[in-house]
Peer 1: 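Before I ask anything, let me first share the structure, which is written out below as structure tokens.
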Amino acid sequence: MWDVLAFLFNTTVLAAAVRMATPLIFASLGGTFSERAGVVNIALEGMMLTGAFAAMLVTYYVGNPWVGLLGAMVAGGFMASIHAVVCIRYRANQVVSGTAINIFAGGLTVFLLRLIFNVAGTSPAVNRIPTLTIPGLVSIPWLGPVLGRQNAMVYLAIALVFVAHFVIFKTVWGLRLRAVGEHPKAADTVGVNVFKMRYAAVIISGILAGLGGAYLSTAHLSRFGDGMTAGRGFIALAAMIFGKWNPIGAMGASLFFGYADALQMRLQEVGIPSQFVSMLPYILTMVALAGFIGRATPPKASGKPYTKE
Amino acid sequence: DDVSVSIVFSTGGLGDQSFNDAAYRGLEEAVADFGIDFSFVEPTDVAEMEEHLRAYAQAGYDLVIAVGFQQESALEVVSEDYVNTRFAIIDAVVDNPNVANLLFAEHEGSFLVGILAAMMSETGTVGFVGGIESPVITRFQVGFEQGVAWAEPDVNVIVNYAGSFGDPGRGKELAISQNERGADVIYHASGGTGNGVIEAAAEGGFYAIGVDSDQDHLAEGTVLTSMLKKVDVAVYNLISDLVDGHFEPGIHTFGIANDGVGLSEMRFTRDIIPEEVLAAVEEARTKIAAGELEVADR
Amino acid sequence: MKWNLKNIEYTGILAPLLSVVLALLVGSVFILMTGSSPLEAYTVLFQQSLGSWDAFALTLQRATPLVFTGLAVAFAFRCGLFNIGAEGQLYMGGLAAVWVGLTFAGLPRFIHIPFAIAAAMLLAGIWGSIPGILKAKLGVHEVINTIMLNFIAYYLTDFLVIGPLHGGRAGPETDRVLETARLARLMPPSRVTTAIFIAIAAAIVVYFILFRTKLGYEIRAVGINPDGAQYGGINVSRNIILAMVISGSLAGLAGAEQVLGLHTRFIQRFSPDLGFMGIAVALLGRNHPFGVLLAALLFGALNAGGAAMDRMTDVPRELIVIIQALIIFFVAADQLIRGILKRRRRAA
Amino acid sequence: MKHILQMKNITKRFPGVVANDQISLDVIEGEIHALVGENGSGKSTLMNVLYGLFHADEGEIYVRGEKTTIDEPRDAINLRIGMVFQHFMLVETLTVAENVILGSEIRRGVRVDYQQAVAEVQRLAEEYGLNVDPQAKIQDISVGQQQRVEILKALYRGAELLILDEPTAVLTPQEVEDLIEVMNNLKAQGTSIIFITHKIKEVLAVSDHVTVLRRGKKIGTKATKDTDERDLAEMMVGRDVLLEVEKTPAQPKAVVFAAKNLAIKDERGSERVRGIDLEVRAGEVLGIAGVEGNGQSQLVEAIAGLMPIHGGTLQLNGRDISRQTPLERKQSGLGYVPEDRHRRGLILDYSVADNLILGFHGQEPFVRYGFIRSDRAIQDYAVKLVESYDVRPPEPQYKAASLSGGNQQKVVVAREFTRTPSFLICAQPTRGVDIGAIEFIHKQIIAQRDQGAAVLLVSAELDEILSLSDRIAVMYNGEIVTTMPAEEATEKKLGFLMLGGQPEDYSDANEGGVLDEVES
Ligand SMILES: Nc1ncnc2c1ncn2[C@@H]1O[C@H](COP(=O)(O)OP(=O)(O)OP(=O)(O)O)[C@@H](O)[C@H]1O
Ligand SMILES: Nc1ncnc2c1ncn2[C@@H]1O[C@H](COP(=O)(O)OP(=O)(O)OP(=O)(O)O)[C@@H](O)[C@H]1O
Ligand SMILES: [Mg+2]
Ligand SMILES: [Mg+2]
């Protein structure tokens with residue numbers, strides 16, 4: 001019994017969970033902004049991938065990974081602005097546009113990799129965002145090993161969760177954002193510019209997803225690899241829903257995924273085929289949702305283009 | 001008339017730092033040496049294989065090389081339809097008179113890796129990270145395990161599969177978790193996922209072992225060695241034979257004996273590795289080459 | 001039978017065509033960046049997808065599985081459900097098909113094939129029913145569960161294909177299914193099989209179910225307005241589950257097609273994201289079965305032509321992917337095209 | 001006489017319709033100007049043009065004498081024009097205060113100053129007698145309260161010209177009285193009001209001028225004092241309208257429907273109906289009067305099987321139906337006109353024909369072999385119904401969404417009534433419907449009664465209750481306070497009971513409301 005508990009709450013498992021959760025936190029936060037404004041963003045995966053590439057590229061040339069982060073934000077934001085124009089201005093189906101972005105990003109990153117480095121597959125190594133040690137925190141028992149020494153981007157992600165919470169629920173802009181996603185016409189009738197809000201939200205979502213990608217290529221790892229996001233954009237989408245379109249919820253869900261994954265990695269030895277262990281995070285998620293969470297209602301206008309007469 | 005050769009790569013495409021890249025290197029060298037005509041294609045999906053093979057055969061290439069077991073069934077059909085075209089396939093067997101089958105004894109090379117890992121380990125635990133579990137990857141795993149057991153029966157092997165060949169993030173976490181469980185030498189056979197394994201090793205101060213191509217330079221001093229699968233050599237030789245006019249169909253196995261698999265030069269790690277370890281590896285190598293030591297492949 | 005073409009909502013063929021042209025224009029910028037000739041590339045793209053019977057056969061073959069996954073996604077959409085899980089359902093369908101295809105020796109063709117297909121539909125339908133039940137009974141968002149079930153299906157089939165179902169080959173794949181379970185090729189060497197007829201039939205059946213039956217009436221009502229549907233005596237939960245079952249079994253057909261027709265075996269992770277492409281196909285086809293047919297044909301042509309473009313030109317394969325994405329963009333954003341057309345008309 | 005607003009020759013076309021055809025409208029500063037007309041006559045369209053949501057194809061707008069262009073709601077807000085929409089423009093998941101301030105937030109830095117906002121809303125609410133809890137979420141408050149929030153929104157923005165698009169359609173009599181008081185208050189303080197309504201009584205009670213539209217054209221503007229009920233009705237409909245329902249005394253027969261000790265809880269578990277006993281006999285109309293939110297909605301939804309019951313029994317024609325599905329209840333002879341036609345009554349994206357078979361879509365002749373639809377049969381049936389219920393336009397293939405509210409309601413009524421149910425529930429059957437359609441629907445309800453149906457009528461419209469019912473029950477706080485023969489009921493008495501008064505405490509001395517003054 002104690003063994004099991006000790007295993008479950010092992011600090012190394014938890015620290016790994018935090019690391020695995022970080023890209024999901026960024027991306028699911030991004031998704032939250034976009035969907036809160038009424039634009040479904042199934043393109044998180046593609047935006048992450050672009051961000052991962054751009055962070056590597058900029059860092060490669062500039063040397064400073066923090067500048068690389070800016071590059072990721074610009075690139076993610078750029079992909080998002082395509083999504084925004086197509087969905088908002090031209091009222092395309094948001095899911096189709098998202099699918100196209102995902103395909104586009106997959107092609108574009110490798111295309112550029114080849115054009116610039118003359119390799120396909122894996123980029124050269126670049127500098128990484130440093131790991132920080134938080135003086136007070138690191139010496140607290142149990143919590144210290146989990147959170148006291150992590151990559152700077154881990155702390156950035158956690159900080160952004162609270163910033164996002166503040167922005168969405170406390171600010172004027174956030175109030176308008178929520179209104180636009182629930183009932184755009186109502187917002188319009190009181191003079192809120194629905195289109196502008198949606199553009200902003202979608203671009204923010206791209207920036208955040210880009211950061212999530214950057215975490216992979218320049219914080220957790222130090223190079224870009226073809227398709228290195230490996231479906232995390234979709235998991236982030238699930239985390240966003242699991243978290244009920246709330247930043248803190250999204251973080252919780254991301255941590256849950258990260259934890260299940262970290263646990264799974266340490267379970268591959270007990271004699272069950274590896275594939276069944278690999279399924280664990282996904283099964284756990286389904287059970288958790290069915291058992292404890294229940295209904296989640298998306299913002300009412302999400303997925304619906306807004307048209308003015 | 002110039003000899004013309006075409007290659008249909010596996011879906012990993014170029015840049016996989018594995019057999020596609022190696023096959024391409026072999027082709028490039030042959031082009032440089034013999035000035036042959038060539039063409040290649042990087043399919044995105046298994047369903048494409050047959051039409052590419054067929055199109056090349058139709059276009060009259062003298063030799064069409066299929067890279068990877070994914071093309072086994074496609075080649076089976078196409079090689080029967082084009083009996084006058086010569087084909088080669090890497091990592092699979094198509095039993096037709098116009099097909100050369102290039103097989104690699106990855107388990108033998110992995111055996112040597114296992115010896116190195118076991119003897120270099122200070123903790124008594126080593127690790128293996130695979131991509132997606134499949135018979136080929138299993139060959140790497142079991143060869144490695146046998147090598148470990150042969151050298152140090154008490155050394156424990158932790159095995160994990162990432163479920164993907166393209167997820168370095170997960171590769172890194174798997175390596176960290178293996179390291180936390182005591183593994184201080186980790187061998188990967190997981191394509192792009194392995195980049196993460198190597199990064200974890202570099203960061204955590206333990207050893208990684210690369211695969212397929214020479215990955216030693218990816219983290220100098222951290223990558224102990226790489227298990228080379230010399231597809232480039234095989235492809236080069238195949239073309240060279242063709243140019244000389246003695247293309248040989250049938251099964252060509254590349255193992256320790258004919259230097260088709262083996263360890264890298266260990267340019268960055270030779271100094272760290274004690275003599276007796278290298279000696280043990282060499283002993284096993286000669287025994288396997290001589291057929292005195294048999295390595296099981298499953 | 002009166003076709004209800006109004007549902008397709010295509011005002012003309014002009015807008016989609018222009019979208020493709022525009023995408024190719026933008027794509028040519030990328031091609032020029034690599035120093036290749038767009039004209040040459042596009043000539044290949046066209047000739048190798050629609051330029052000859054052989055090429056068209058290839059297009060058809062590529063379109064076939066997309067018809068199934070497109071229909072699967074569209075069907076669920078009609079009930080207000082977003083099925084991102086066609087990929088997983090496809091694998092489960094393939095799994096059932098290959099098992100039946102390998103196991104029941106001695107059956108005549110006309111029994112073995114339908115049996116294998118039915119098994120595929122059944123297992124994939126069950127797989128689809130899981131998110132359906134969880135949605136209907138517990139209100140869990142289907143998007144999460146369909147994503148989760150994709151991963152579970154990958155791992156489950158990964159295991160079976162190298163374990164109990166592993167064949168005698170080097171690769172992670174089963175043996176070929178028995179002769180009697182293989183779909184016949186219509187015009188060898190092309191691999192267009194009788195599955196193309198199943199695809200067309202499936203589209204017609206889906207059309208029929210959606211628009212000509214009581215079931216379709218109920219499913220669409222639930223999709224548009226569940227409260228209204230409930231008021232109308234429609235069992236909302238039951239229809240949600242049923243819609244997911246049917247959606248899943250349609251995706252299962254794609255699995256059966258790949259396993260019994262194209263590959264004649266189950267290969268580990270054989271699907272090049274057919275399930276995800278099905279989402280784009282469905283929405284491009286406006287969730288109408290006949291729209292899905294057209295959209296699948298477009299994608300099929302892009303796949304067929306794109307592969308040839310990789311082989312026959314210097315354009316790297318990533319570019320082909322980029323051009324495909326661009327075409328989807330422009331076809332989706334047909335408001336843009338319509339805007340241009342309207343301005344033209346006004347100017348004239 | 002200063003004009004706050006002059007709209008000149010406004011034309012607005014939609015594909016296939018000219019919604020506004022050269023309409024001019026002059027509103028004098030400080031007046032209440034009523035705008036009336038049948039469903040689809042173009043009232044909302046004209047106001048949407050004024051508020052910047054639609055762009056007129058032709059015409060000019062002058063505000064306070066100056067020519068202006070209004071492209072955006074923001075422009076209208078800046079011109080101090082406020083609008084309360086027919087379909088509320090409220091964000092359900094936000095609170096009252098948040099909705100009020102949205103777009104013109106009280107800030108503290110980048111933050112919304114919620115404290116201040118709540119205080120401000122509270123202040124406004126008190127000043128104009130528009131009581132609502134600023135911190136409640138919209139989804140948790142009644143329709144009447146939502147209406148108040150809409151008015152607060154406009155007032156908060158300092159509206160000097162207030163457009164009220166059918167504000168009374170969803171209000172209870174008491175709430176209407178309150179609203180009229182608010183309107184008069186506003187007028188006294190100099191606010192001009194454009195007031196859209198289908199109720200002529202209200203026009204006569206509050207307006208100074210009235211403009212009538214019909215089929216997109218302006219019929220005329222009159223000073224209210226120069227006109228009367230019959231005159232207005234005729235201007236609107238273009239023919240003489242029967243304003244009173246003609247009916248013979250009821251001849252009640254056997255009990256068709258009975259509820260015993262019925263208890264209902266809502267989704268949150270709070271008890272909304274507490275042990276009600278109810279009987280409706282064949283050939284009678286039982287009216288349920290009550291202020292909205294006292295359990296009527298839950299009662300009706302539970303009877304129809306759309307909400308679970310927590311105690312008691314429901315009997316239809318002697319059989320217990322409390323375990324039956326909605327479909328089985330329909331088949332047992334229950335007909336139901338729901339109060340919310342958009343949410344419940346219609347599948348808006350379906351054609352009129354498909355809506356006409358909703359609930360019977362599984363039956364012969366619409367379906368053969370239990371599965372396959374017969375378009376022929378559906379079409380024939382729809383053509384017949386559309387014609388006999390005068391649905392306009394008479395096109396069964398049109399989407400229900402493209403019909404006006406009145407005509408949508410006719411579709412629902414046609415569907416439910418044609419099947420000659422033995423028990424018919426009508427909840428707010430004429431809400432938002434024009435007088436022509438009201439007349440028609442009322443006639444149909446009486447016709448159903450006369451054919452032997454037991455009718456349960458729930459309405460917030462006391463006029464409607466009084467003119468249609470044979471017996472009247474008053475519901476308050478989840479209970480039936482009392483049941484009386486219609487002859488014994490008066491508007492005042494019902495109003496008294498609906499607000500929680502006890503029958504024995506009632507005396508005729510209670511003071512009358514504004515609307516009584518125009519009672520002819
Ligand atoms: N967005 C729109 N698109 C197309 N037609 C419209 C639109 N809005 C209004 N119409 C049409 O314009 C006409 C006038 O509608 P409007 O809403 O102005 O009527 P109304 O007088 O407000 O009716 P009601 O009494 O039902 O509120 C109707 O025929 C309607 O169908
Ligand atoms: N896209 C559309 N096409 C055609 N007519 C439309 C469309 N959108 C709205 N309408 C019509 O415009 C008119 C105005 O809509 P509005 O929202 O005012 O509803 P309404 O019919 O007056 O509603 P109700 O009376 O039920 O409250 C209605 O007649 C409606 O049916
Ligand atoms: Mg209106
Ligand atoms: Mg109306």
Side-chain angles (χ1 to χ4, degrees), chain A residues 10-13 15-17 19-20 22-24 48-49 52 103 106-107 110 113-114 117-125 128 131 151 212-213 215-217 219-232 258 261-269 273-275 277-279 281-282, chain B residues 9 11-18 20-21 24 42 44 125 127-134 137-138 141 156-181 191-200 202-203 213 215 217-220:
Chain A
N10 184 329
T11 54
T12 63
V13 177
R19 289 193 300 268
M20 303 288 282
T22 300
L24 303 178
M48 285 176 90
L49 196 62
I103 299 171
V110 182
L113 207 54
R114 228 193 268 246
F117 299 104
N118 204 19
V119 295
T122 306
S123 80
R128 279 169 48 181
T131 293
N151 190 282
Y215 171 82
L216 291 172
S217 67
H220 192 232
L221 300 160
S222 58
R223 48 168 49 112
F224 174 83
D226 179 9
M228 75 187 299
T229 44
R232 286 181 177 80
D261 217 2
L263 209 58
Q264 170 264 121
M265 290 184 177
R266 286 157 177 80
L267 275 181
Q268 292 199 3
E269 275 183 292
S274 71
Q275 296 88 351
V277 181
S278 298
M279 283 178 208
Y282 311 106
Chain B
F9 289 112
T11 50
L14 288 177
D16 66 346
Q17 301 194 349
S18 177
N20 286 313
D21 279 353
Y24 187 64
E42 301 171 77
T44 41
T125 302
F128 174 83
V129 172
I132 299 174
E133 205 173 334
S134 74
I137 303 301
T138 308
Q141 180 196 328
N156 177 30
V157 184
I158 306 175
V159 175
N160 282 108
Y161 279 89
S164 162
F165 285 104
D167 192 346
R170 177 172 290 234
K172 178 168 183 181
E173 285 300 331
L174 279 174
I176 292 175
S177 88
Q178 291 191 345
N179 181 244
E180 278 161 359
R181 284 174 283 166
T193 300
N195 288 329
V197 174
I198 294 171
E199 288 217 10
E203 201 177 321
S213 296
Q215 299 188 323
H217 65 280
L218 287 178
E220 295 175 9

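All figures in this text were calculated on a predicted structure; none of them were measured in a lab. Chain A is the first sequence line, chain B the second, and so forth, proteins listed ahead of strands; every chain is numbered from 1. Because only heavy atoms are used, hydrogens play no part in the values below, and waters and symmetry mates are left out as well, while side chains stay in.
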Peer 1: Under a 4.5 Å heavy-atom cut-off, does chain A meet the side chain of B:Glu180, its backbone, both or neither?
Peer 2: side chain
Peer 1: Could you look at A:Asp261 and say if it's the side chain, the backbone, both or neither that has a heavy atom under 4.5 Å from chain B?
Peer 2: side chain
Peer 1: Can you tell me which of A:Gly121, A:Ser222, A:Ala125, A:Gly225 forms the most heavy-atom pairs within a distance under 4.5 Å of chain B?
Peer 2: A:Ser222
Peer 1: Name the region of A:Arg223, side chain, backbone, both or neither, that has any atom closer than 4.5 Å to a heavy atom of chain B.
Peer 2: both
Peer 1: As an exercise: rank B:Gly196, B:Ala219, B:Gly13, B:Pro168 by heavy-atom pairs under 4.5 Å with chain A and give me the winner.
Peer 2: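 Winner by heavy-atom pair count: B:Pro168.
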Peer 1: Please tell me if the side chains of A:Arg232 and A:Leu49 come closer than 4.5 Å, counting only heavy atoms from C-beta onward.
Peer 2: no
Peer 1: Find out whether A:Leu221 and A:Tyr215 are in side-chain contact, i.e. whether some heavy atom of one side chain is under 4.5 Å from a heavy atom of the other.
Peer 2: no
Peer 1: Measuring only between side-chain heavy atoms, which start at C-beta, is A:Met265 closer than 4.5 Å to A:Val13?
Peer 2: no
Peer 1: Between B:Glu199, B:Glu173, B:Lys172, which is the residue that forms a side-chain hydrogen bond (donor to acceptor under 3.5 Å, both in side chains) with A:His220?
Peer 2: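 Of B:Glu199, B:Glu173, B:Lys172, side-chain hydrogen bond (donor to acceptor under 3.5 Å, both in side chains) with A:His220 is met by B:Glu173 alone.
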Peer 1: Once side-chain hydrogen bond (donor to acceptor under 3.5 Å, both in side chains) is applied, do any residues pair with B:Thr44, and if so which ones, sequence neighbours excluded?
Peer 2: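 Once residues adjacent in sequence are excluded, the partners of B:Thr44 under the side-chain hydrogen bond (donor to acceptor under 3.5 Å, both in side chains) criterion are B:Glu48.
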Peer 1: Report which part of B:Gln178 has an atom under 4.5 Å of a heavy atom belonging to chain A: side chain, backbone, both, or neither.
Peer 2: neither
